[in-house]
Amino acid sequence: MKRTLFPFALLAGCLFFRGAAAAQLVLGQYEDEAPLGTWNIFGSPPAPSIGLGGAQFARAWDGSVSLVNPALLPSLPRLSAFVSGSYAAASLSKYSLINTGVVESIGNPTVGVFGVDGGGFAARLGPWALAVVAAAPENYDRPAIAVGDGGYQLTFDQTGYLRVFHAGIARRLPAGWSLGLGLNYAAGRLDRTTVERSAGVVNVVTITDDKAEKFHSFYLNAGLAWEATGRLTAALVVRSPFVKKGTGQSLIRYEASPEGTDIRIAAQAVNSYHQPWVLGAGLSYRLSTAWSLAADAAYYGWSRYRVDSFDEPLARSFRDVLKAGAGVEYLAPARMYGRSARIPFRFGFFVDPQPMSTVHSSYLALTFGTGLELKALAFDISAYFGREKGSGNSLRAGKIVLSVRYIIQE
Amino acid sequence: MRATKLTVLVLAAAAVIGLACPGWASDDGQVVSIAAKDFVAAGLGRKGFDLLMEKNGRVFFVASPGEIAALAALRVSTVIETARFLQQAGQGLSAGGGINGAFHSTLELETDLRTLERDHPGLASLHEIGETLEKRKIYALKISDNASLDEHEPAVLFAGCHHAREWISVEVPYLFGKYLLENYDLSQEVRALVDASEIWIVPIANPDGLEYSIHVYRYWRKNRRANADGTYGVDINRNYGYAWGSDNVGSSGQPGSDVYRGTGPFSEPETAAIRNLFLVHDFRAMISFHSFAQDILFPWGYTTDAAPTDAELGAIAGTMAGLIAGVHGSVYSYGEGSRLLYLTNGDTVDWTYSIAGAPSYTIELPPVDIDHGGFFNDEAAIGAIFEENLPAMLYLTRYAVDHPLSLRPRILPLRERAEPALVRKPKLAARPASAPHR
């Protein structure tokens with residue numbers, strides 16, 4: 001019983017972490033289209049992966065693995081389902097008009113986001129395995145701003161997300177090999193509004209800057225896994241480059257009363273974000289029935305990142321980066337309501353360099369996780385807490401993820 | 001436990017099917033090319049095709065699918081070039097789109113200036129006169145009969161966009177250059193002016209600020225200098241070297257101020273670029289375009305004392321105001337900047353005037369006040385604003401050609417000033433949209 005108390009104490013500890021997913025330096029780390037947390041997002045790691053330093057290339061818990069390495073699908077039960085949700089928070093220094101010349105803050109504004117990370121099913125039919133997954137890997141929310149007094153107000157708000165709908169297929173090959181391929185449809189939106197209102201004795205001036213973008217794209221991901229021994233699994237993964245492309249609409253409007261002045265500049269354009277390819281490798285090693293290790297490294301080709309926004313290329317000076325993480329897991333046997341169970345304890349870290357070439361900013365994060373594994377049902381909760389170095393802004397990043405997986409048929 | 005399992009299944013299913021999807025876009029018409037000899041042989045020039053250009057023996061034009069089929073029936077070999085043109089368009093675009101509408105961004109201006117230079121060889125040459133803090137180029141378009149040669153002809157400068165939010169101030173000098181080049185062969189007056197002078201046009205003196213104004217905050221005024229206290233921007237129309245920082249009324253030593261003068265005269269690459277251009281040519285007049293107010297301002301800005309050639313400056317300004325009013329009836333007031341508007345020190349026209357008494361003007365373009373748009377102009381008004389300023393620009397150019405400068409050398413020496421004090425950041429503060437500085 002004492003052992004079962006430990007994970008809850010760990011969980012309670014995790015809840016006290018304040019923090020953030022990647023934040024900003026020069027506009028670059030938090031360009032408008034920068035995902036909250038980090039630029040380097042691949043897949044939607046479930047809680048057990050987060051607990052192991054984000055390692056997910058050579059270790060599968062549920063169908064979410066298909067987003068990064070579908071080759072591991074044959075290692076899952078015959079039929080299973082999962083769902084994950086999270087709370088992510090990030091501190092930002094400079095973003096949009098905040099701390100770039102118009103609105104200034106002491107300290108870094110922080111934003112937190114609750115959401116469903118993903119859910120899906122995985123199935124195995126002989127040597128073949130399939131998965132269907134929906135995920136929400138990227139969020140573009142920013143801390144909203146409202147400043148001013150009675151005569152003058154300025155508000156800024158930005159929200160956005162990217163969702164991925166994925167189908168993966170894999171086949172077990174001889175000699176411990178397996179191969180998998182995933183097709184992904186990504187769709188999202190990004191909305192920004194700045195409103196500035198000045199009220200004089202007789203006149204009121206309102207300036208509105210509204211931008212809305214919807215984008216979508218298809219891309220592929222593939223993986224190769226090799227179960228070298230009963231203990232060691234090695235994997236290679238790749239994600240194709242893709243272009244998030246879609247319609248952007250902009251309206252800049254100036255209204256002044258009592259003259260009735262209403263000047264509008266409206267625009268519509270096809271915007272595109274050229275996302276980079278990702279190449280990764282992972283290892284997992286089972287030391288004993290209770291202890292195991294996992295490690296991942298992923299190379300992001302950000303130097304080819306390009307943005308075309310409202311008919312103009314936007315300057316983004318990015319470099320390729322290598323993100324790496326590792327973790328250790330201990331599975332403690334336990335009993336719950338007379339049934340045998342296992343309680344995982346996970347600890348890890350990851351190093352997450354951001355791609356801006358002007359300032360070399362990097363997050364170092366510690367990760368923790370625990371949960372409860374019953375015969376067919378498992379709950380996992382993990383958190384990471386990251387601190388950034390390089391920008392001089394002491395940025396923070398953090399996330400708590402809760403995942404539930406259910407084995408429908410072993 | 002069964003309920004929990006069911007919940008997992010339902011949530012997993014909901015996550016898969018519950019997250020949304022959107023739509024696409026398309027276009028019609030193709031850019032095609034055919035051999036120039038085929039174009040002539042088939043008599044296509046007479047058939048109203050939308051001709052784009054001729055290059056390397058091929059003629060490029062826009063054709064509908066039906067027209068492409070008709071060409072095939074005539075056994076004219078066509079090559080679809082649309083993708084190539086779209087690619088080129090992505091690399092450089094003219095004004096007329098984007099979030100800034102019909103106003104130019106830095107990239108759009110560069111493209112259009114290069115087009116003017118390419119289309120008018122011999123009459124136009126494009127010069128990079130400086131590079132900004134964010135590595136953007138500051139361009140000057142020289143227009144003269146032998147533009148690539150330095151013929152030591154009287155020079156006139158037309159500059160725009162010292163202040164980022166004053167988008168209309170880019171358009172008027174740019175359109176002036178375009179007008180001169182396109183009318184050189186059509187107008188005796190234009191030809192005579194261009195032949196007798198060097199007309200320099202710097203439509204965007206502050207490209208970094210303009211881009212910030214377009215993409216982040218429409219009412220941004222200064223450049224993008226990262227000041228030591230964490231604030232941004234120097235007002236480059238307070239950073240010139242004459243009477244720089246002579247008081248804290250006409251400019252500010254506080255970096256967060258909208259009229260922050262910088263750490264020293266010409267500390268900013270934008271003002272240094274204009275200075276370096278101005279000092280190596282025989283500039284005899286200049287206009288720096290701003291908005292808004294409909295004013296024609298002349299030196300001094302830093303003091304209410306009259307300039308040595310105050311009468312001449314006033315007479316020219318009065319003539320220009322009359323010419324402007326004669327086009328669409330717009331009334332532009334005129335007078336010394338310090339008296340008509342407010343005190344300014346370290347501004348452009350005080351410095352250019354100080355060099356040798358070159359008649360120097362700040363023209364505050366429409367609208368007349370904040371109730372009619374302030375720093376905003378309707379896209380549809382760009383043409384009319386240019387048209388009403390055109391006779392004034394032609395007049396000043398003619399005046400410069402006909403009137404050598406009377407004051408030489410400099411009227412007053414440059415002044416130096418100590419580093420201004422820094423200010424603390426407020427906790428959360430923003431400057432109002434209706435900031436009066438223009």
Side-chain angles (χ1 to χ4, degrees), chain A residues 81-83 96-97 99-106 116 118-121 132-134 136 145 147-148 152 154 163 165 185 187 189 194 196 198 200 203 205 207 209 211 214 216 246-247 250 252 254 256 258-259 261 263 265-267 269-270 308 310-314 376-377 404-406 408, chain B residues 1 4-5 7-9 11-25 89-91 93 97-103 105 107-108 134 212 215-220 222 224 230-233 256 367 370-374 376-379 425-434:
Chain A
F82 80 97
V83 65
S96 189
L97 43 68
N99 291 324
T100 64
V102 183
V103 178
E104 296 160 2
S105 68
I106 285 182
V116 174
F121 299 87
V132 179
V133 179
I145 293 294
V147 292
Y152 172 75
L154 186 151
R163 291 171 182 165
F165 301 89
Y185 173 73
R189 63 180 303 140
T194 305
E196 195 167 20
S198 302
N203 57 6
V205 173
I207 302 169
D209 186 348
K211 292 182 180 67
K214 285 182 181 175
H216 54 110
T247 306
S250 166
I252 304 176
Y254 183 99
E259 289 294 331
T261 302
I263 300 171
I265 298 177
V270 175
D308 293 306
F310 293 99
D311 297 334
E312 284 208 26
L314 299 183
L377 193 63
V404 184
R405 56 201 145 98
Y406 173 49
I408 302 165
Chain B
M1 193 60 81
T4 313
K5 292 170 183 174
T7 307
V8 175
L9 286 174
L11 287 175
V16 172
I17 61 175
L19 309 171
C21 326
W24 268 129
Q91 290 160 359
L93 293 153
I99 52 180
N100 50 327
F103 297 91
S105 67
L107 182 65
E108 289 166 343
E134 294 179 351
Y212 188 84
H215 291 285
V216 181
Y217 178 63
R218 174 65 184 86
Y219 256 36
W220 187 249
K222 302 187 283 182
R224 292 299 298 159
T231 62
Y232 281 82
I370 199 166
D371 292 331
H372 292 85
F376 277 69
N377 299 89
D378 199 313
E379 294 169 89
K425 290 179 181 180
K427 191 171 182 187
L428 253 188
R431 275 165 281 285
S434 54

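- The nearest pair of heavy atoms linking B/Y232 to A/N99 is CE1-O, 3.5 Å.
- Here the CG atom belonging to A/L97 is positioned 14.5 Å from the NE2 atom belonging to B/H215, to the nearest 0.5 angstrom.
- The shortest heavy-atom contact between B/I370 and A/Y254 is O-OH, 2.5 Å.
- For the pairing with B/Y217, the side chain to side chain contact (heavy atoms under 4.5 Å, CB included) check across A/L154, A/V103, A/D209, A/I207 returns one residue only, A/L154.
- Nearest heavy atoms, A/T100 versus B/V216: OG1-CG1, 4.5 Å.
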Check the pair A/T261 / B/F376 against side-chain contact (heavy atoms from CB on, under 4.5 Å), numbers first and verdict last. CA-CA 10 Å; A/T261 302; B/F376 277 69; over 6 Å; no
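- Of all non-hydrogen atoms in B/G98 and A/A267, the two that sit nearest each other are O-CB, 3.1 Å.
- The distance from atom OG1 of A/T194 to atom CZ of B/R218, rounded to the nearest 0.5 Å, is 13.0 Å.
- In terms of modelled atom types and a separation under 3.5 Å, the side chain of B/Y219 and the main chain of A/E196 share no donor-acceptor contact.
- Of the residues considered (A/N203, A/I252, A/I265), A/I265 shows the highest number of contacts with chain B, using heavy-atom pairs under 4.5 Å.
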